[in-house]
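Reading through the structure tokens given below for one structure.
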Protein chains: 2
Amino acid sequence: MYSGDFSTMPESRPIRDIAYDRLKHAIITGELPAGARIVETAFADQLHISRTPLREALRKLERDGLVEYVLRRGVVVRAFTLADIDEIFTIRNSMMMLLLPSIVERVTKADMNELRIILSEIDVALAESDFDAMAQLNRSFHRKIESLSDKKRILRVIDDQEEYITRFSAVTIASIERRANAHEEHKQMADALERRDLEELKRLFAHHLEESKQTCIAAVKNRGL
Amino acid sequence: MYSGDFSTMPESRPIRDIAYDRLKHAIITGELPAGARIVETAFADQLHISRTPLREALRKLERDGLVEYVLRRGVVVRAFTLADIDEIFTIRNSMMMLLLPSIVERVTKADMNELRIILSEIDVALAESDFDAMAQLNRSFHRKIESLSDKKRILRVIDDQEEYITRFSAVTIASIERRANAHEEHKQMADALERRDLEELKRLFAHHLEESKQTCIAAVKNRGL
DNA sequence: ATTCTGTATATTGTATACAGCTATACGGAA
DNA sequence: TTCCGTATAGCTGTATACAATATACAGAAT
């Protein structure tokens with residue numbers, strides 16, 4: 001892993017962004033575990049790039065809070081605690097409550113169609129026990145709803161936080177009863193959205209996120225972070 | 001501005017961080033206005049540094065959302081809208097509501113003493129019409145209270161947002177009635193905190209931030225952003 | 001054995017060099 | 001004059017080179 005030659009690709013984006021995505025993915029999936037040191041020369045070699053774009057990627061990750069910088073010692077992947085997970089879900093819930101009014105106001109029939117399609121795809125993934133697909137679709141569902149709002153900065157806060165917990169989505173989905181319940185909740189949320197029932201939506205989202213949080217925390221407690 | 005030779009300093013921190021702070025300050029104060037293009041070679045020369053650390057600083061600012069990157073054209077300072085200000089205050093208020101319970105729980109006598117000292121210093125600044133000092137002290141007051149919480153991630157969200165509005169604090173303080181009212185509200189907040197009166201604190205903070213927001217928006221509307 | 005210290009090695013911090021893209025200016029033709 | 005193509009200058013993207021610092025390890029002194 002972390003190998004591959006970028007020089008052959010049609011570079012529409014800077015190499016630093018590709019390196020950034022790659023490292024971020026590795027950290028989020030846990031491939032690069034907490035505490036792992038990122039040695040510039042080693043990673044630059046593996047990615048077949050020079051240190052310059054790699055360092056720029058590291059500076060971004062630093063601001064993201066995914067890695068920690070130590071003077072003259074480089075960067076290490078930061079650790080997560082249960083308290084972090086708790087806060088992340090709390091923030092997300094709180095921000096969602098702020099978004100919902102504008103979402104209810106702005107949702108269109110076309111949006112609902114998109115959501116229904118995603119839900120039916122989750123049906124399939126659930127039936128086929130394709131949990132990777134399900135994790136991705138779940139995220140699409142949430143992102144679609146969030147994107148209906150016009151509050152760009154609030155949306156960004158949610159995005160920033162969500163990055164951190166993507167890593168745990170597999171853990172959460174691994175719970176049999178949770179993945180079925182979550183899907184049911186999603187359907188209810190879509191229904192409430194279609195009715196533009198703000199209060200019900202708030203209730204559903206608060207419940208949904210709380211349940212996800214608890215499942216996530218419980219799973220992490222059992223299997224270690 | 002943007003000049004100064006770092007090479008003579010005892011460099012306890014990397015140059016890139018110094019450049020980062022410098023640029024951030026310039027952007028926040030409006031010295032570098034929205035839309036201004038940051039040409040790497042020019043700024044590196046002015047700061048008497050090479051492009052490498054400057055670019056790393058720019059990548060951080062990019063993640064902060066303070067500058068915008070355009071492929072092969074470098075970075076430009078991002079613009080702010082009234083909607084941004086509205087969202088920033090909304091986020092801050094919402095996050096504060098999440099922090100207050102732990103703040104009320106954790107506040108000590110020593111903390112209250114610190115807060116009282118800050119308040120008395122604001123008294124002086126107010127009497128002397130030293131608005132720069134007042135802006136800084138106000139911020140210290142808020143930061144002190146926020147720091148009483150142990151919710152690091154929520155605190156960080158607040159910090160991130162506050163950076164953006166620091167730039168408008170002068171605008172807000174310029175309002176005669178607002179600066180006196182704000183100070184009164186601060187005192188009431190300190191009192192409520194000392195009594196560990198959570199509900200009253202929530203009420204006071206919500207009111208305080210709402211008033212600040214309205215003053216800020218009104219001021220920006222009048223004087224332009 | 002333990003601790004200190006000097007040296008070699010590894011790694012980060014910064015500068016510079018060079019390649020490639022973009023925009024602009026200029027000149028010529030319609 | 002206007003349009004278009006080309007040349008040129010300026011700037012970004014990346015690689016490489018060099019400097020400074022930290023770490024590891026071996027050997028000496030206690």
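In the text below, chain A, chain B and the rest are named by the order of the sequence lines, each starting its count at 1. Since this is a predicted model, take the numbers as computed values, not measurements.
Across the protein-nucleic acid pair, Y69(A) atom OH and dT12(C) atom P stand 10 Å apart, rounded to whole Å. Straight-line distance from the CD atom of E40(B) to the P atom of dT14(D): 11 Å, rounded to whole Å. Nucleotide dA20(D) holds its P atom 12 Å from the CD1 atom of I15(B), rounded to whole Å. Look at CZ on R37(B): it is 7 Å from P on dC11(D), rounded to the nearest Å. Rounded to whole Å, the distance from CD1 on I38(A) to C1' on dT11(C) is 14 Å. Taking atom OH of residue Y20(A) and atom P of nucleotide dG13(D), one finds them 17 Å apart after rounding to whole Å. Spacing between atom NE2 of H48(B) and atom C1' of dT16(C) amounts to 17 Å, rounded to whole angstrom units. Atoms CG (D45(B)) and C1' (dC11(D)) sit 12 Å apart, rounded to a whole Å.
In terms of the salt bridge (charged side-chain N to carboxylate O under 4.0 Å, His left out) criterion, residue partners of E114(A) (sequence neighbours excluded) are, by chain and number, K144(A). Under the side-chain contact (heavy atoms from CB on, under 4.5 Å) criterion, D21(A) pairs with R13(A), sequence neighbours left out. Looking at residues two or more places apart in sequence or on another chain, you find a side-chain contact (heavy atoms from CB on, under 4.5 Å) between A133(B) and A125(B), D130(B).
A salt bridge does not link D111(B) with R106(B): every distance from a Lys NZ or Arg NE/NH1/NH2 to an Asp or Glu carboxylate oxygen is 4.0 Å or more. With respect to the salt-bridge test (charged N to carboxylate O, under 4.0 angstrom), the residues K152(A) and E87(B) do not qualify. Taking the charged nitrogens against the carboxylate oxygens, K213(A) and E210(A) do have a contact shorter than 4.0 Å, which makes a salt bridge. Ionic pairing of D17(A) and K60(A) is present here: one or more N-O contacts between side-chain nitrogen and carboxylate oxygen are shorter than 4.0 angstrom.
Residues V220(A) and L82(A) form a side-chain contact, since some pair of their non-hydrogen atoms from C-beta on lies under 4.5 Å apart.
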Write out a two-atom table: protein N or O, nucleotide N or O from nucleotides 6-9 of chain D, distance below 3.5 Å.
none

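Note on residues 47-58 of chain A: pairs passing salt bridge (charged side-chain N to carboxylate O under 4.0 Å, His left out), not counting sequence neighbours, are R16(A)-E56(A), E40(A)-R51(A), E40(A)-R55(A), R55(A)-E56(B), E56(A)-R55(B), E56(A)-R59(B).
Checked against dT14(D), dG13(C), dT12(D), the side chain of R16(B) finds its nearest nucleotide in dG13(C). Closest approach to the R73(A) side chain among dG13(D), dG13(C), dA22(D) is made by dA22(D) (side chain taken as heavy atoms from C-beta onward).
Residue R72(B) has no polar side-chain atom (N or O) positioned under 4.0 Å from OP1 or OP2 of dC11(D).
Listed by residue number, R51(A), R55(A) are the residues of residues 50-58 of chain A with a heavy-atom contact under 4.0 Å to DNA chain C.
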